[in-house]
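Read through the structure below, which is laid out as structure tokens, and then see the notes.
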Amino acid sequence: MSKPLTDRSAETERVRSVQDKTAPRYDRQMNFFDRVLFTDGREWACSQATGEVLEIAVGTGRNLEHYPTGTKLKGIELSEQMLSIARQRAAELEIDADLRQGDAQALDFPDQSFDTVIITLALCTIPDDRAAVREAYRVLRPGGWLVFFEHVRSPRLPVRAVQRLLEPLSVRFEADHLLRDPLDYLANEGFEIEGVTRLKWGIVERVVARKPNFSEQPD
């Protein structure tokens with residue numbers, strides 16, 4: 001169930017503020033986590049991109065260098081401070097990408113605009129993650145792909161117990177939810193789940209899902 005709009009709006013502004021403050025040190029923090037926990041997750045996700053691509057919550061642009069050459073890429077980011085770093089990174093890499101400020105919970109794109117939607121380490125932070133997935137479904141063309149990797153709640157009880165202990169502090173100070181798992185609702189939002197891989201004690205999840213192309217179904 002999605003959050004009431006008043007609650008969502010207030011939390012969205014809080015998340016924006018947290019991310020603006022985090023932006024200058026974000027890359028330093030993520031260097032460690034990308035190396036130790038997420039390994040080649042960004043490369044994996046971006047390698048799945050085909051056609052016209054939307055990246056939701058582009059952050060500081062850490063994924064940009066991993067997209068196939070010539071990818072037609074648009075990206076949205078809530079935090080203006082994060083987005084500024086991403087634009088600078090795109091310029092340094094000489095990557096032609098349309099990076100703009102936007103809210104994943106209410107995308108400013110028409111229906112059926114993209115062939116692939118990429119989300120990396122963002123559904124853990126977006127206030128209404130289910131609304132973001134619903135928006136991804138809306139802007140995907142029939143037969144289009146949703147590709148994401150996230151840190152999620154572990155199926156292993158000892159690990160999940162630690163996550164549960166850390167969750168209040170993580171949400172309060174980093175706006176980062178440790179106990180979410182998009183697989184809880186992905187199928188109910190209309191996606192066909194094509195592949196799931198769990199890594200690192202089940203904390204890291206890689207998912208490929210597809211928006212059905214009803215024209216392909218037999219009469």
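All values below come from the heavy atoms of this structure, side chains included, with hydrogens, waters and symmetry mates left out.
Interatomic distance, Leu123 CG to Arg130 CZ, rounded to the nearest 0.5 Å: 12.5 Å. Taking OG1 of Thr125 as the start and NE2 of His151 as the end, the distance is 6.0 Å to the nearest 0.5 Å. Note that the CG atom of Leu99 and the CG atom of Leu73 stand 6.5 Å from one another [nearest 0.5 Å]. The CG atom of Leu64 sits 5.0 Å away from atom CD1 of Ile95, with the distance rounded to the nearest 0.5 Å. Here the CZ-CG distance, from Arg35 to Asp40, works out to 14.5 Å after rounding to the nearest 0.5 Å. The distance from atom CG of Asp108 to atom NZ of Lys74, rounded to the nearest 0.5 Å, is 11.5 Å.
Nearest heavy-atom pair across Ala131 and Arg8 is CB-NH1, 3.5 Å. When all heavy atoms are compared, the tightest approach of Pro182 to Val152 is CD-CG1, 3.9 Å. In plain terms, the two heavy atoms of Ala86 and Gly59 that are nearest each other are CB-O, 3.4 Å. Between Ser170 and Asp176 the shortest heavy-atom distance is OG-O, 2.6 Å. Of all heavy-atom pairs between Pro142 and Gln112, the closest is CD-OE1, 3.5 Å. The minimum heavy-atom distance linking Gln105 with Thr12 is given by the pair NE2-OG1, 3.0 Å.
In this structure, the side chain of Arg89 engages the main chain of Thr60 through a donor-acceptor pair within 3.5 Å. Although no hydrogens or angles enter the test, the distance criterion places no donor-acceptor pair under 3.5 Å between the side chain of Lys211 and the main chain of Leu146. The closest donor-acceptor contact from the side chain of Arg141 to the backbone of Ser113 lies under 3.5 Å. A donor-acceptor pair under 3.5 Å links the side-chain atoms of Thr22 to the main chain of Val18, judged by distance alone. Without hydrogens or angle criteria, Thr116 side chain to Val53 main chain gives no donor-acceptor distance under 3.5 Å. A donor-acceptor distance shorter than 3.5 angstrom exists from the side chain of Ser154 to the backbone of Trp201, with no hydrogens or angles considered.
Connectivity analysis of hydrophobic side chains (ILVMFWY, heavy atoms under 4.5 Å, direct or indirect) links Val171 to nothing; its cluster partners are none. Here Leu179 sits alone; no ILVMFWY side chain lies under 4.5 Å from its own, so it joins no hydrophobic cluster. Other residues sharing a hydrophobic cluster with Phe173 under the 4.5 Å side-chain heavy-atom criterion for ILVMFWY residues are Leu169. Listed by chain and number, the hydrophobic cluster partners of Val15 are Leu78, where partners are ILVMFWY side chains within reach of under 4.5 Å, directly or through others.
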* **Intermediate values then yes/no, side chain to side chain contact (heavy atoms under 4.5 Å, CB included), Asp128 and Arg134** => CA-CA 10 Å; Asp128 192 341; Arg134 192 175 300 128; 5.5 Å; no
* To do: For Val147 and Trp44, run side chain to side chain contact (heavy atoms under 4.5 Å, CB included): C-alpha distance rounded to whole Å, both residues' side-chain angles, the deciding distance at 0.1 Å, then the answer.
  => CA-CA 9 Å; Val147 179; Trp44 169 83; 3.7 Å; yes
* Asked: Step by step, would you call Gln48 with Trp145 a side chain to side chain contact (heavy atoms under 4.5 Å, CB included)?
  -> CA-CA 9 Å; Gln48 315 291 317; Trp145 297 96; over 6 Å; no
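Between the side chains of His177 and Asp129, no donor-acceptor pair of N or O atoms lies under 3.5 Å.
Taking Tyr137 as the reference, Phe191 meet the ring pair (Phe, Tyr, Trp, His ring centres under 6.0 Å) condition, with sequence neighbours excluded. With sequence neighbours excluded, the residues forming a salt bridge (charged side-chain N to carboxylate O under 4.0 Å, His left out) with Arg198 are Asp181, Glu205, listed by chain and number. Residues passing the side-chain contact (heavy atoms from CB on, under 4.5 Å) test with Asp20 are Arg16, Ser79, Gln81, sequence neighbours excluded. Evaluation of the side-chain contact (heavy atoms from CB on, under 4.5 Å) rule for Asn63 yields Arg42, Cys46, Glu55, Tyr67, Thr120 as partners, not counting sequence neighbours. Legend: residues meeting side-chain contact (heavy atoms from CB on, under 4.5 Å) with Lys72, ordered by chain and number and at least two apart, are Glu52. Checked against side-chain contact (heavy atoms from CB on, under 4.5 Å), Glu135 has the following partners two or more places apart in sequence or in another chain: Leu107, Arg138. For Arg153, the side chain to side chain donor-acceptor pair (under 3.5 Å) partners two or more places apart in sequence, or in a different chain, are Asp184.
Counting heavy atoms from C-beta on, the side chains of Glu80 and Leu83 come closer than 4.5 Å. Side-chain contact between Arg62 and Asn31 is present, with heavy atoms from C-beta onward closer than 4.5 Å. Considering only heavy atoms from C-beta on, Glu150 stays 4.5 Å or farther from Arg180 through its side chain. In this structure the side chain of Gln19 never reaches within 4.5 angstrom of the side chain of Tyr26, judged on heavy atoms.
The pair Glu11-Arg14 meets the salt-bridge criterion, since a charged nitrogen lies less than 4.0 angstrom from a carboxylate oxygen.
Between Phe109 and Phe114, the two ring planes are perpendicular [angle over 60°; tilted spans 30° to 60°].
Contacts classified as side-chain hydrogen bond (donor to acceptor under 3.5 Å, both in side chains) and involving residues 158-168 (residues at least two apart or in different chains) are not found.
Cluster membership for Ile85 and Val58, using ILVMFWY side-chain heavy atoms within less than 4.5 angstrom, is not shared. Both Leu54 and Val133 belong to a single network of hydrophobic side chains, linked directly or stepwise wherever heavy atoms of I, L, V, M, F, W or Y lie under 4.5 Å apart. Under the 4.5 Å side-chain heavy-atom criterion for Ile, Leu, Val, Met, Phe, Trp and Tyr, Leu121 and Leu183 are members of distinct hydrophobic clusters. Side-chain heavy atoms closer than 4.5 Å link hydrophobic residues (I, L, V, M, F, W, Y) into clusters, and following such links, even through other members, never connects Leu140 to Phe149. In this structure, Leu178 is not a member of the same hydrophobic cluster as Phe33, with clusters built from ILVMFWY side-chain heavy atoms closer than 4.5 Å.
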